[in-house]
Number of protein chains: 2
Amino acid sequence: MGVSLKDVAQRAGVSVKTVSNVVNSYPHVKPETRERVQRAIDDLGYRPNLTARHLRKGRTGIIALAVPELGNPYFADLATAVIDAASQHDHIVLLDHTAGLREKEVLVSQGFRSHIIDGLILSPIRLETEDLLARAGGPPLVLLGEREYDAPYDHIAIDNVAAARTAVRHLIELGKRRIAFLGARHESLRQPAHLRLRGWREEIRASGGVPDESLVLATDGYDRRDGAAAMTRLLDRTDPPDAVFAYNDLVALGAMRVLTERGLRIPEDIAVVGFDDIEEGQYAAVSLTTMSPDKTAIARLAVDCLVERIASGASTAAFPRRILPGCTLTVRESTIGRGRPGTGA
Amino acid sequence: MGVSLKDVAQRAGVSVKTVSNVVNSYPHVKPETRERVQRAIDDLGYRPNLTARHLRKGRTGIIALAVPELGNPYFADLATAVIDAASQHDHIVLLDHTAGLREKEVLVSQGFRSHIIDGLILSPIRLETEDLLARAGGPPLVLLGEREYDAPYDHIAIDNVAAARTAVRHLIELGKRRIAFLGARHESLRQPAHLRLRGWREEIRASGGVPDESLVLATDGYDRRDGAAAMTRLLDRTDPPDAVFAYNDLVALGAMRVLTERGLRIPEDIAVVGFDDIEEGQYAAVSLTTMSPDKTAIARLAVDCLVERIASGASTAAFPRRILPGCTLTVRESTIGRGRPGTGA
DNA sequence: CTGAAAGCGCTTACAG
DNA sequence: CTGAAAGCGCTTACAG
């Protein structure tokens, strides 16, 4: 601390410009000058002050990632992947969580940390299109997740309708007919789960069935406790389902805990499919069949998009992209029972 | 972007100093001046450039948190708590993961991001004392976790020996006599798990038993797969244990998966105790008894310590503190069976 | 209560 | 190939 370019320049007997050239490996520096400067740098233990560099260049090399909560392993995995992808581009990651609160999501999206971050990756739950449109020239933004917006920003998300149909089809092919949907939120149709719920309806119709809306269970959130509560309500009724498609793995795992407590067999009595493919599902007592989004691809695409937008210098995207990473079905014991290796390890 | 103090000053017809005073809510500003400036700020949509402020003040308000991996829910929870604690002090958090690699831990501890961060909270796995001593005047540092160092830095960690003894005593009180320890690392005695292993030995001796070192199972890491692999090795022997104390919950959950696959009953055949109290354990088919460190306290203490050290301006701590947050036993089905409510929810 | 000026540590045209 | 100087946008003694 305290050693500046000027100190190095003085010691090496050159101007700060020359030192700067060496530090930034500018090619046209006379070898002996470079060596002299390098020695001064080493002697003094000089390290460039990045803040100053940032101020000058107008970029910080920091991108922010805002997710609802790190406590959901899906988002922890995603954050890990984003950190790694960002480091490929020499960027570091400032992490924040919104708890899925619209107020916090708005705050983050408005870039209350502008000037510190070059760009933002946001996975919103309750944010509305109008909030995005009101965003006054903040840093470039890339959106993640199931919510859809009519706003000038890139959006990375799997095809939720198609993925949900795949999950439900799997259950139908196993002979299940009363398939519940766990995790529709107590809110408007534009909330998350909307698309997965639509997939549920479409696939049931496609198989010649009629969606039973009483099998759609609303929840407060998407945690284990929400899954457990919804499953309890479902089982307390007279006509239980023979399968459950959950909004995500946490909801599915909460539901499975209740099934186990009640002594019901998975999948014989009730089969379960989740969504996200968190590792916990592999090691559950009955391992969990789930839809596996390609998290690495999602993170990489998000960071690539963002870095590109940052380079372009525009706050909004004139031609916003909609990118669909892959999502595949991973079959485990919760739908086909023991018999094949369960952990997938 | 592009609106500076100067622009606001011009529009309001005052000097930049006055605008700065208003922005920083300096008390002695004539009300009508303040109002005029505020109007200019609003009209222009001015937002202070934090990078410039940082350069000037020499502080950024950013602290870094480096954990082995976010994929372990314990660290995800800890990160969440650190972010919240930091925001209490108006600091934001740069997150990094080390994968428990010494090289990466050294890099982080040497502050390769110095000048961007005001301080660092590091949870090391393989870092050595010499690495810390070689640290050349980086930003203030607070250490977390089971590793112990003889270095001038504050250290926040529960009393691992005492906590392990509590866990083992619980098993002994339930009548268990052959208690295995899962998760000693294939490395030196100074590695993590050392203290918990010592607690295991001490408590067995205290109960009048003799620690059976063949029941100490080494693992490569502390993940579910490590627990599953170790449990498999243990069961393939002729003399299985009647209880397992795992280094952490992930190892315990991996072990439980294997027990379930083999058709063994938990806790009747083999009881299991973990460490960390991650939510997953509450919702496992057999809910997991575990040691519950006070993560919120750990995060708060770490941030408080760090902020204090930052304020003091010293890179190292003349009188490093050793702080011991609480850690309590949480009893669930994996030791006492079904019969009481299991999820603890 | 407010202004003019220096300076935080860099990078970058502009000269030479 | 290298130097002198301006400027990124703030804050802070120093005056008045």
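Proteins come first, then strands; the chains are lettered A, B, ... in the order of their sequence lines, and each starts at number 1. As the structure is a computational prediction, the values presented were derived from the model and not from experiment.
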So A:Leu94 and B:Leu94, do their side chains get closer than 4.5 Å, heavy atoms only?
yes
Base, sugar-phosphate or nothing for A:Val14? Non-hydrogen atoms, less than 4.0 Å.
sugar-phosphate
Just grab all the side chain to side chain donor-acceptor pair (under 3.5 Å) pairs involving residues 50-65 of chain B, residues at least two apart or on different chains.
B:Thr60-B:Asp118
Applying side chain to side chain contact (heavy atoms under 4.5 Å, CB included), run through A:Leu78 and A:Leu144 and close with a yes or a no.
CA-CA 11 Å; A:Leu78 190 65; A:Leu144 253 39; 3.7 Å; yes
Closest-nucleotide ordering on DNA chain C, the 5'-leading residue of B:Ser15 and B:Arg56:
B:Ser15
Quickly, which of A:Arg309, A:Arg321, A:Arg135 forms a side chain to side chain donor-acceptor pair (under 3.5 Å) with A:Tyr153? Name it, please.
A:Arg135
Pairing donors with acceptors under 3.5 angstrom, does anything connect the side chains of B:Gln38 and B:Asp42?
yes
Please tell me which of B:Ala52 and B:Arg36 maps to the more 5' nucleotide of DNA chain C, matching each residue to the nucleotide holding its nearest heavy atom.
B:Arg36
Counting runs of three or more consecutive pairs, Watson-Crick or G-U wobble, with each distance below 3.5 Å, where are the stems of DNA chain D?
C:1-3 with D:14-16, C:5-12 with D:5-12, C:14-16 with D:1-3
Contact span of DNA chain C against chain A, any nucleotide atom under 4.0 Å from a heavy atom, 5' to 3', runs C:dG9 to C:dA13
How about A:Tyr149 and A:Pro124: do any of their side-chain heavy atoms sit closer than 4.5 Å?
yes
Sub-4.5 Å side-chain heavy-atom contact between B:Ile92 and A:Ile116:
yes
A side-chain contact here means heavy atoms from C-beta on lying under 4.5 Å apart; do B:Val108 and B:Leu120 qualify?
yes
Would you indicate what B:Lys30 reaches in the nucleic acid, counting non-hydrogen atoms under 4.0 angstrom: base, sugar-phosphate, or nothing?
sugar-phosphate
Mind checking if B:Thr51 touches a base, just sugar-phosphate, or nothing, with heavy atoms under 4.0 Å?
nothing
